[in-house]
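I have placed the structure first, in the form of structure tokens, so that the comments after it can refer back to it.
Computed from a prediction, not measured in an experiment: that's the story for all the values here.
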2 protein chains.
Amino acid sequence: MDSTRNTIQRDIVLTMVRSMTDHPSADAVYAKIHGEYPSISRATVYRNLEYLSRSGQILHVEMPNGADCYDFNTSDHCHIRCEKCKKVFDISVPFSTRILENKTDPDGFLITKCNVTFTGICPACSGVSEGGACNE
Amino acid sequence: MDSTRNTIQRDIVLTMVRSMTDHPSADAVYAKIHGEYPSISRATVYRNLEYLSRSGQILHVEMPNGADCYDFNTSDHCHIRCEKCKKVFDISVPFSTRILENKTDPDGFLITKCNVTFTGICPACSGVSEGGACNE
DNA sequence: ATACATGCAAACACTTTGCAGCACA
DNA sequence: TGTGCTGCAAAGTGTTTGCATGTAT
């Protein structure tokens, strides 16, 4: 982090992510911001999401097969995407995803980051008739 | 799997993936095929990689932050991408990535798939001077 | 004053899709 | 002989970047 300038836009992005508890994608954050502040550009939102996650103020959740999302909750936890409603939820797993970080594995790899994500069916969608989904 | 037709193109894609041991991206598979068989289209390669992984003949490795890759080795194992040389390697972890699959977690999620990937520095790149990389 | 940040639009990387024609079972 | 597959090109999705201008320190 070599930049330290506090801009109105950066503050708005941080505030917006903190107000969204549904693991929004970068574009969802942009859309919400754009509704209130139409002059803020998509590039600025993307750049600030990157800055804020790098500086540890928000969590950047890298999702395979789909847009990455952002989480105001920076604590160590995992995520699951529902196959039906496509929403992302927190999930608790019986191990830390970070146990292996900054360790060297038997083959000589230095592990710097561990990414664990799940796919499944959320409680609201399970039991719903084929093709249906939770309140879409 | 409802399609069962064996085409020359499908066979070429399977053979090519089996000959590549470096976890190629779809585009890398296409590039190699295109060198030998210029008439095979990118779409066909992508469609067959999808088909072959769905039918269990190859492994589709979903990588966050970059192109997905394919693995001739369909056994249960994890992958790590080197931050410096960007290559993908197999890695062994002290747990099965599939232990949680087809289980219901305490919050009522049915877990269908578990994706575990690592980022780090490969043995060839560690110890190399800043900015350097393994034989680039 | 000046280096960092912004807005815009275009470019980028990766993948999917519509469609007309082809070929495997 | 028909439906599944192919090649082509275009579109789709998500994200980054070059550049001129603006602004926080």
Side-chain angles (χ1 to χ4, degrees), chain A residues 1-17 23-55 57-58 60-71 79 81 86-88 115 117, chain B residues 1-17 23-55 57-58 60-70 81 86-88 115 117:
Chain A
M1 286 313 84
D2 40 13
S3 70
T4 44
R5 194 166 290 185
N6 293 318
T7 61
I8 292 165
Q9 291 88 340
R10 179 165 295 172
D11 194 57
I12 287 170
V13 172
L14 178 56
T15 302
M16 198 57 87
V17 171
H23 305 90
S25 64
D27 229 61
V29 175
Y30 167 70
K32 187 129 183 256
I33 287 175
H34 189 73
E36 276 186 59
Y37 311 91
S39 65
I40 296 183
S41 75
R42 177 179 262 101
T44 294
V45 172
Y46 273 82
R47 282 188 280 234
N48 278 309
L49 287 170
E50 152 98 15
Y51 170 82
L52 291 166
S53 58
R54 274 187 187 278
S55 66
Q57 299 175 262
I58 62 177
H60 178 188
V61 183
E62 301 177 5
M63 301 296 291
N65 261 346
D68 290 0
C69 64
Y70 293 85
D71 196 334
H79 297 88
R81 171 182 282 144
K86 310 294 181 195
K87 291 175 189 154
V88 175
N115 180 300
T117 55
Chain B
M1 284 314 82
D2 40 13
S3 71
T4 45
R5 195 165 289 186
N6 293 319
T7 61
I8 292 165
Q9 291 88 339
R10 179 164 297 171
D11 193 56
I12 287 169
V13 173
L14 178 56
T15 302
M16 198 57 85
V17 171
H23 305 90
S25 64
D27 229 59
V29 175
Y30 167 71
K32 188 130 182 253
I33 288 176
H34 190 73
E36 276 186 58
Y37 311 91
S39 66
I40 296 181
S41 75
R42 177 180 263 100
T44 294
V45 172
Y46 273 81
R47 281 188 283 234
N48 278 309
L49 287 170
E50 153 97 16
Y51 170 82
L52 292 167
S53 58
R54 275 189 186 279
S55 66
Q57 299 175 261
I58 62 176
H60 179 188
V61 184
E62 300 177 7
M63 300 296 291
N65 262 345
D68 290 359
C69 63
Y70 293 85
R81 170 182 283 143
K86 309 296 181 194
K87 292 176 189 157
V88 175
N115 180 299
T117 55

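For B/Tyr70 and B/His23, the distance between ring centers is not under 6.0 angstrom.
Between B/Asp68 atom CG and C/dT15 atom C1' there is a gap of 9 Å when expressed in whole angstrom units. D/dT13 atom C1' lies 15 Å from atom CG of B/Asn65, rounded to whole Å. Remark: C1' of C/dA5 and CG of A/Leu52 are 13 Å apart, rounded to the nearest angstrom. One can place NZ of B/Lys86 at 14 Å from C1' of C/dA13, the figure rounded to the nearest angstrom. When rounded to the nearest whole Å, the span between OH of B/Tyr30 and C1' of D/dG7 equals 10 Å. We find that CD of B/Glu50 is positioned 13 Å from C1' of C/dT17, with the value rounded to whole Å. For the pair A/Ile8 CD1 and D/dT25 C1', the computed distance is 14 Å after rounding to whole Å. Going from atom CE of B/Met63 over to atom C1' of C/dA13 covers 16 Å, rounded to whole Å.
A salt bridge is defined here as a Lys NZ or Arg NE, NH1 or NH2 lying under 4.0 Å from an Asp or Glu carboxylate O, and B/Glu50 with B/Arg54 meets this definition.
Here A/Arg42 does not reach the OP1 or OP2 of C/dG7: none of its side-chain N or O atoms lies under 4.0 Å away.
Tested against B/Leu49 for a side-chain contact (heavy atoms from CB on, under 4.5 Å), the candidates B/Thr44, B/Val13, B/Leu14 yield a single pass: B/Val13.
Of the candidate nucleotides C/dT6, D/dG7, C/dC24, C/dC24 has the atom lying nearest to any side-chain atom of B/Arg5. Set against C/dT15, C/dC8, D/dC5, the side chain of A/Arg47 has C/dC8 as its closest nucleotide. Considering only the side chain of A/Ile40, C/dG7 comes nearest among C/dG7, C/dT17, D/dT23. Minimum atom distance to the side chain of B/Ala43 is reached by D/dA9, of the listed D/dG18, D/dA9, D/dC5. Distance from the side chain of B/Asn6 is smallest for C/dA25 among the nucleotides C/dA5, D/dC19, C/dA25.
Between A/Val45 and A/Ala26, the shortest heavy-atom distance links the atoms CG1-O, 4.1 Å.
In terms of position on DNA chain C, the residue among B/Gln9 and B/Tyr46 whose nearest nucleotide sits closer to the 5' end is B/Tyr46. Both A/Thr7 and B/His60 sit near DNA chain C, but only A/Thr7 has its closest nucleotide nearer the 5' end. Between A/Ala67 and B/Ser41, the residue anchored closer to the 5' end of DNA chain D is B/Ser41, taking for each the nucleotide with the nearest heavy atom.
At least one side-chain heavy atom of B/Met63 sits under 4.5 Å from a side-chain heavy atom of B/Thr117.
If you check every strand for non-hydrogen atoms under 4.0 Å, A/Ser25 touches nothing.
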